[in-house]
There are 2 protein chains.
Amino acid sequence: MELKALVLAVLEARPMHGYEIVRRARDRGHLRWEEGTVYPLLHKMDHEGLLRSEWKKGPTGKARKYYSLSRRGRTALERARADWREYAAVVSEILLGGRHGHARGSAP
Amino acid sequence: MELKALVLAVLEARPMHGYEIVRRARDRGHLRWEEGTVYPLLHKMDHEGLLRSEWKKGPTGKARKYYSLSRRGRTALERARADWREYAAVVSEILLGGRHGHARGSAP
DNA sequence: CTCCATACCTAGATCTCACAGGTAATAGTA
DNA sequence: TACTATTACCTGTGAGATCTAGGTATGGAG
């Protein structure tokens with residue numbers, strides 16, 4: 001649920017192939033998306049019509065499968081953003097009690 | 001793992017019995033914790049030493065099982081708060097892009 | 001040629017949580 | 001007394017998401 005939204009957000013910037021998504025998340029730290037999570041998720045989202053996939057030759061000349069957002073994917077991303085804002089606000093209120101500071105993106 | 005943290009936070013305010021936790025969450029809206037989720041979770045957290053449980057007579061005279069935070073539970077709650085802050089910050093950054101607008105152009 | 005990193009993939013296990021029940025005690029009604 | 005609703009507790013089954021732990025294939029470096 002969360003990963004799906006994050007993949008959409010990552011792919012909004014530019015098309016990317018699966019291994020690159022994994023590697024970027026790994027380099028970033030904080031989040032660890034394993035290949036066994038990401039690849040099946042990409043397939044599923046592709047099948048659901050949220051992504052489009054295309055085999056292209058990468059810079060090394062080797063074929064890579066690039067994923068990009070479809071129109072439905074963009075819509076889903078907008079909804080995911082709204083859902084996250086609400087969810088984060090509720091959890092922050094319960095967990096932090098309003099007086100421990102606020103997570104970003106929480107709107108009243 | 002989210003529910004665990006939220007249960008800790010709810011029980012920090014005052015000891016409560018399971019049904020009350022469920023009912024409060026239900027009244028609050030937004031979150032729907034089912035009994036089939038909450039009761040096993042309370043048992044597990046009790047067994048892990050995060051909670052203490054005690055049978056008491058409630059206002060109606062009927063026995064109720066009240067849960068309260070143990071010392072370990074308080075520690076776990078503090079850690080959960082820190083984890084949530086970090087997690088929410090990372091997700092918000094990826095999903096909402098630092099500040100939500102069309103902030104694009106931060107290269108990989 | 002051999003080794004390593006890249007890049008893709010899947011099967012199975014695990015963990016969380018919801019669904020859909022069940023039991024028992026109390027209170028209100030008739 | 002019998003009935004019904006509400007409170008309060010509990011569990012078994014299973015769906016869904018994610019990780020573990022593998023596997024395959026290609027291209028470049030040594």
Side-chain angles (χ1 to χ4, degrees), chain A residues 1-8 10-11 15-27 29-48 50-51 53-68 76 80 83-84 87 90-91 94, chain B residues 1-8 10-11 15-27 29-48 50-68 76 80 83-84 87 90-91 94 108:
Chain A
M1 0 181 34
E2 219 59 77
L3 272 189
K4 198 164 167 176
L6 293 173
V7 165
L8 288 171
V10 164
L11 288 178
M16 234 174 273
H17 55 88
Y19 193 75
E20 194 178 358
I21 296 176
V22 172
R23 202 183 43 208
R24 277 167 52 94
R26 196 174 284 154
D27 294 346
H30 299 302
L31 296 174
R32 53 182 195 295
W33 303 340
E34 302 304 324
E35 299 182 26
T37 305
V38 171
Y39 284 117
L41 181 58
L42 288 171
H43 298 161
K44 191 187 167 199
M45 291 169 70
D46 190 5
H47 191 261
E48 286 172 354
L50 300 174
L51 304 180
S53 62
E54 188 184 3
W55 285 97
K56 274 192 201 173
K57 300 216 173 215
T60 63
K62 189 181 173 184
R64 290 170 175 177
K65 199 171 185 179
Y66 281 87
Y67 291 91
S68 54
D83 288 348
W84 164 252
Y87 175 77
V90 171
V91 171
I94 296 174
Chain B
M1 280 302 114
E2 219 60 77
L3 273 190
K4 199 165 167 176
L6 294 173
V7 165
L8 288 171
V10 165
L11 288 178
M16 234 174 273
H17 56 88
Y19 193 76
E20 194 177 0
I21 295 176
V22 172
R23 203 183 43 208
R24 276 167 54 94
R26 197 174 283 154
D27 294 345
H30 297 303
L31 295 174
R32 54 182 194 294
W33 304 339
E34 302 305 324
E35 298 181 28
T37 305
V38 172
Y39 284 116
L41 180 59
L42 288 171
H43 298 161
K44 191 186 166 199
M45 291 169 70
D46 190 6
H47 192 261
E48 287 171 354
L50 299 175
L51 305 180
R52 262 177 287 108
S53 62
E54 189 184 3
W55 285 97
K56 275 192 201 172
K57 300 217 170 213
T60 64
K62 190 182 171 184
R64 290 170 175 177
K65 200 171 184 180
Y66 282 86
Y67 291 91
S68 54
D83 288 350
W84 163 253
Y87 175 77
V90 171
V91 171
I94 296 175

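Reminder, nothing fancy here: chain letters follow the sequence lines and each chain counts from 1.
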Exercise for the section: Quick one: label A/Gly36 by what it contacts on the DNA or RNA (base, sugar-phosphate, nothing), any heavy atom closer than 4.0 Å. Expected result: base
Handout entry: A/Leu42 CG to C/dT10 P, straight-line distance once rounded to whole Å
Key = 11 Å
Exercise for the section: Answer yes or no: side-chain N or O of B/Glu35 and base N or O of D/dC10 forming a donor-acceptor pair under 3.5 Å. Expected result: yes
Practice task
Look at the side-chain N and O atoms of A/His17 and state whether any lies under 4.0 Å from the OP1 or OP2 oxygen of C/dT6.
Solution key: no
Exercise for the section: Quickly work out the B/Met45 CE to C/dT16 P distance and round it to whole Å. Expected result: 11 Å
Handout entry: Below 4.0 Å: OP1/OP2 of D/dC9 and any side-chain N or O of B/His43
Key = no
Problem - Side chain to side chain, B/Tyr39 and B/Glu34, heavy atoms closer than 4.5 Å - result: no
Exercise for the section: Mind calculating the distance between CG (B/Leu41) and P (C/dT16) to the nearest angstrom? Expected result: 9 Å
Handout entry: Distance, rounded to the nearest Å, where B/Lys4 contributes NZ and C/dT16 contributes C1'
Key = 11 Å
Fill in the blank from the handout: Heavy-atom closest pair (B/Glu35 atom, B/Pro40 atom, distance to 0.1 Å) is O-CD, 3.7 Å
Exercise for the section: Looking at every strand, decide which applies to B/Glu34 at a 4.0 Å heavy-atom threshold: base, sugar-phosphate, or nothing. Expected result: sugar-phosphate
Problem - Nearest-Å distance for atom pair NZ/P, residues B/Lys62 and C/dG28 - result: 14 Å
Completion exercise
Heavy atoms of A/Ala25 and A/Trp33 approach each other most closely as CB-CE3, 3.6 Å
Practice task
Report the distance from atom NZ of A/Lys65 to atom P of D/dT26, rounded to the nearest whole Å.
Solution key: 16 Å
Handout entry: Side chain proximity check, B/Lys4 to B/Leu50, heavy atoms < 4.5 angstrom
Key = yes
Practice task
Starting at atom CD of B/Glu2, determine the distance to atom C1' of C/dC17, rounded to an integer number of angstrom.
Solution key: 13 Å
Exercise for the section: Could you please name the option among C/dT26, C/dT16, D/dC9 that lies closest to any side-chain atom of B/Lys44? Expected result: C/dT16
Handout entry: Closest-nucleotide ordering on DNA chain C, the 5'-leading residue of B/Val38 and A/Ala63
Key = A/Ala63
Problem - Whole angstrom value for the distance that separates P of C/dA18 from OH of B/Tyr39 - result: 15 Å
Practice task
For residues B/Leu41 and B/Val7, report the shortest heavy-atom separation together with the two atoms involved.
Solution key: CD2-CG2, 4.1 Å
